[in-house]
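Single-structure report; data block below.
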There are 2 protein chains.
Amino acid sequence: MAEPNETPWLNDDEQRMWREWLHLDAELLATLNREMQAEAGLSNPDYQVLAVLSESPEGRVRISDLAASLQWERSRVSHHVARMEKRELVSRLECPDDGRGAFVRITGTGQTAIERAAPGHVRAVRRLVFDALTPEEVARLGEIFHRLRSRIGLSAE
Amino acid sequence: MAEPNETPWLNDDEQRMWREWLHLDAELLATLNREMQAEAGLSNPDYQVLAVLSESPEGRVRISDLAASLQWERSRVSHHVARMEKRELVSRLECPDDGRGAFVRITGTGQTAIERAAPGHVRAVRRLVFDALTPEEVARLGEIFHRLRSRIGLSAE
DNA sequence: GGCGGGTAGGTGATGCGTCATGTATCGTTC
DNA sequence: GAACGATACATGACGCATCACCTACCCGCC
């Protein structure tokens with residue numbers, strides 16, 4: 001190990017769990033990404049954006065609202081929407097109420113793409129995750145993830 | 001929802017858990033990254049590479065072995081080592097036994113960096129993850145992650 | 001009416017990751 | 001010993017993500 005002894009390293013269980021977690025994460029996301037890319041030409045972030053847009057009653061969403069829904073930075077949304085616009089999955093509209101604002105709307109191409117992607121995506125999540133878990137495990141994991149998540153940002157740095 | 005009814009979507013527990021998981025992941029990795037960046041100027045991948053190198057008895061590791069240890073693609077290792085070489089964290093050596101091969105070695109700068117990073121990194125993982133979990137939970141999570149991981153790659157596509 | 005601070009969004013630089021491809025070398029087989 | 005397929009690694013192009021910074025606009029106030 002590279003670290004001086006004063007800092008207690010993780011014990012075996014912890015170390016094994018941590019490694020499994022990191023690898024699982026990487027593999028899970030990569031697999032979901034790859035399958036959706038193959039089936040519908042969408043990346044995971046593409047899917048998330050299109051999902052929000054297609055669920056919006058007005059059919060158009062402000063950049064900032066999109067950022068809030070996805071918990072992304074506005075800049076990230078801006079970049080991503082720009083890329084998606086090039087591929088004609090979404091389009092931008094000016095916002096009449098606020099000269100600074102912009103709407104994003106899903107296009108026909110985008111609608112087709114997400115409809116094509118959705119069933120496979122859900123099936124993949126089921127197959128990779130939920131088919132291997134009991135309902136009790138799902139509940140426990142949900143609680144644990146929530147607990148961990150709520151601690152992030154407290155007393156950092 | 002965007003998907004046709006034939007495909008069963010996730011139930012509430014599943015959906016909540018899945019969202020928590022995705023967000024937790026993103027936030028956890030981002031936080032670990034940010035803290036190590038601030039403390040020692042290293043990214044997470046930098047740390048992993050340096051850790052393998054500094055644990056190697058010979059002080060040098062073949063690119064392919066590095067890829068195997070980290071479970072990265074060789075190409076990724078190649079790119080990453082190139083970036084780290086620019087920052088003088090590692091250096092490349094020619095391999096006398098195999099004209100195709102290359103060794104990577106940690107530099108003094110790299111050694112200093114990982115020694116500076118390691119205690120904080122371990123503390124961060126403890127603080128963010130293990131301080132909030134009981135040993136039973138750690139064991140259960142380890143088992144679950146292992147189970148899920150072993151299913152990836154079976155019957156894909 | 002014009003000043004000042006906050007907000008909406010865009011942009012450029014840079015690092016990270018993958019895919020497709022290229023090049024040199026190795027080992028084997030004839 | 002030449003040819004051939006496999007291996008080791010590099011490279012270029014591209015998408016993704018963040019950071020730092022910019023512009024334009026809104027709103028409240030003097």
Side-chain angles (χ1 to χ4, degrees), chain A residues 22-23 25-38 40-50 60-87 89-104, chain B residues 22-23 25-38 41-49 60-87 89-104:
Chain A
L22 292 177
H23 281 137
D25 254 37
E27 292 168 17
L28 208 49
L29 296 195
T31 303
L32 288 174
N33 231 314
R34 211 176 323 113
E35 294 191 13
M36 202 159 50
Q37 193 75 49
L42 297 180
S43 70
N44 235 316
D46 293 338
Y47 183 86
Q48 293 178 256
V49 169
L50 292 180
R60 67 212 162 96
V61 176
R62 289 284 291 270
I63 298 275
S64 293
D65 296 340
L66 204 45
S69 298
L70 299 169
Q71 308 200 219
W72 288 5
E73 298 178 15
R74 274 207 307 276
S75 160
R76 178 177 171 186
V77 174
S78 185
H79 277 300
H80 203 87
V81 164
R83 284 189 295 265
M84 292 179 75
E85 206 179 6
K86 265 192 222 157
R87 294 155 59 206
L89 295 168
V90 302
S91 61
R92 262 184 244 257
L93 306 177
E94 291 200 353
C95 173
D97 302 345
D98 188 333
R100 298 164 301 178
F103 284 114
V104 188
Chain B
L22 292 178
H23 282 137
D25 254 37
E27 292 168 16
L28 208 50
L29 297 194
T31 303
L32 289 174
N33 232 314
R34 210 176 324 113
E35 294 192 12
M36 202 160 49
Q37 193 75 47
L42 296 181
S43 70
N44 235 318
D46 292 339
Y47 183 85
Q48 294 179 255
V49 168
R60 65 213 164 96
V61 176
R62 288 285 291 269
I63 298 276
S64 295
D65 295 341
L66 205 45
S69 298
L70 298 170
Q71 307 201 220
W72 290 5
E73 299 179 16
R74 272 207 307 276
S75 160
R76 178 176 171 187
V77 174
S78 185
H79 277 300
H80 204 87
V81 164
R83 285 188 293 263
M84 292 178 75
E85 205 179 8
K86 265 192 221 157
R87 295 155 59 207
L89 296 168
V90 302
S91 61
R92 263 182 243 257
L93 308 177
E94 290 200 352
C95 174
D97 302 346
D98 187 331
R100 298 163 301 179
F103 284 114
V104 189

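Chain letters run A, B, ... following the sequence lines, proteins first, then strands; residues in each count from 1. Predicted model, so just to flag it, every value in this text is computed and none were measured.
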Whether A/Ser69 side chain and A/Asp65 backbone form a donor-acceptor pair below 3.5 Å: yes
When you measure from the side chain of B/Asn33 to the backbone of B/Ser43, do you find a donor-acceptor pair of N or O atoms at a distance under 3.5 Å? no
Does the side chain of B/Phe103 come within less than 4.5 Å of B/Ser91's, by heavy atoms? no
B/His80: what forms a ring-ring contact (aromatic ring centres under 6.0 Å, His included) with it, not counting sequence neighbours? B/Trp72
Between P of C/dA13 and NZ of B/Lys86, the distance in whole Å: 15 Å
Between A/Arg92 and A/Ala30, which is nearer to the 5' end of DNA chain C once each is assigned its nearest nucleotide? A/Arg92
Expressed in angstrom and rounded to an integer, what is the separation of B/Met84 atom CE from C/dG17 atom P? 12 Å
For chain A, the stretch of DNA chain D it reaches, first to last nucleotide, under 4.0 Å of its heavy atoms: D/dG15 to D/dC26
On a heavy-atom basis, the closest approach of B/Gly41 and B/Arg87 is O-NH2, 3.0 Å
Whole-Å gap separating P (C/dG17) and CD (B/Gln71): 15 Å
Do B/Leu29 and A/Leu22 have side chains that get closer than 4.5 Å, going by heavy atoms? yes
With B/Val90 as reference, evaluate B/Asp46, B/Val104, B/Val61 under the side-chain contact (heavy atoms from CB on, under 4.5 Å) test and give the passing residue. B/Val104
Does a side-chain N or O of B/Arg76 approach OP1 or OP2 of C/dC16 to a distance below 4.0 Å, or not? no
Taking every heavy atom of A/Leu50 against every heavy atom of A/Leu89, the minimum-distance pair comes out as CD2-O, 4.0 Å
Rounded to whole Å, the CG-P distance (B/Leu89 to C/dC16) equals 10 Å
Rounded distance (Å) that lies between atom P of C/dG17 and atom CG of A/Asn33: 13 Å
For a quick check of understanding: with a heavy-atom distance under 4.0 Å over all strands, which category does B/Ser64 fall into, base, sugar-phosphate or nothing? sugar-phosphate
What is the distance from CG of A/Asn44 to P of C/dG17, rounded to the nearest Å? 16 Å
So B/Arg87, base contact, sugar-phosphate only, or nothing? Heavy-atom distance under 4.0 Å. nothing
At under 4.0 Å between heavy atoms, how does the protein contact nucleotides 19-28 of chain C? Give one character per nucleotide, 5' to 3', with B, S or -. BB---BBS--
Mark yes or no for whether B/Thr31, through its side chain, and B/Glu27, through its backbone, hold a donor-acceptor pair below 3.5 Å. yes
Could you tell me the separation between the CG atom of B/Asp46 and the C1' atom of C/dC16, rounded to a whole number of Å? 10 Å
What is the distance, to the nearest angstrom, from the CG atom on B/Leu42 to the C1' atom on C/dG15? 14 Å
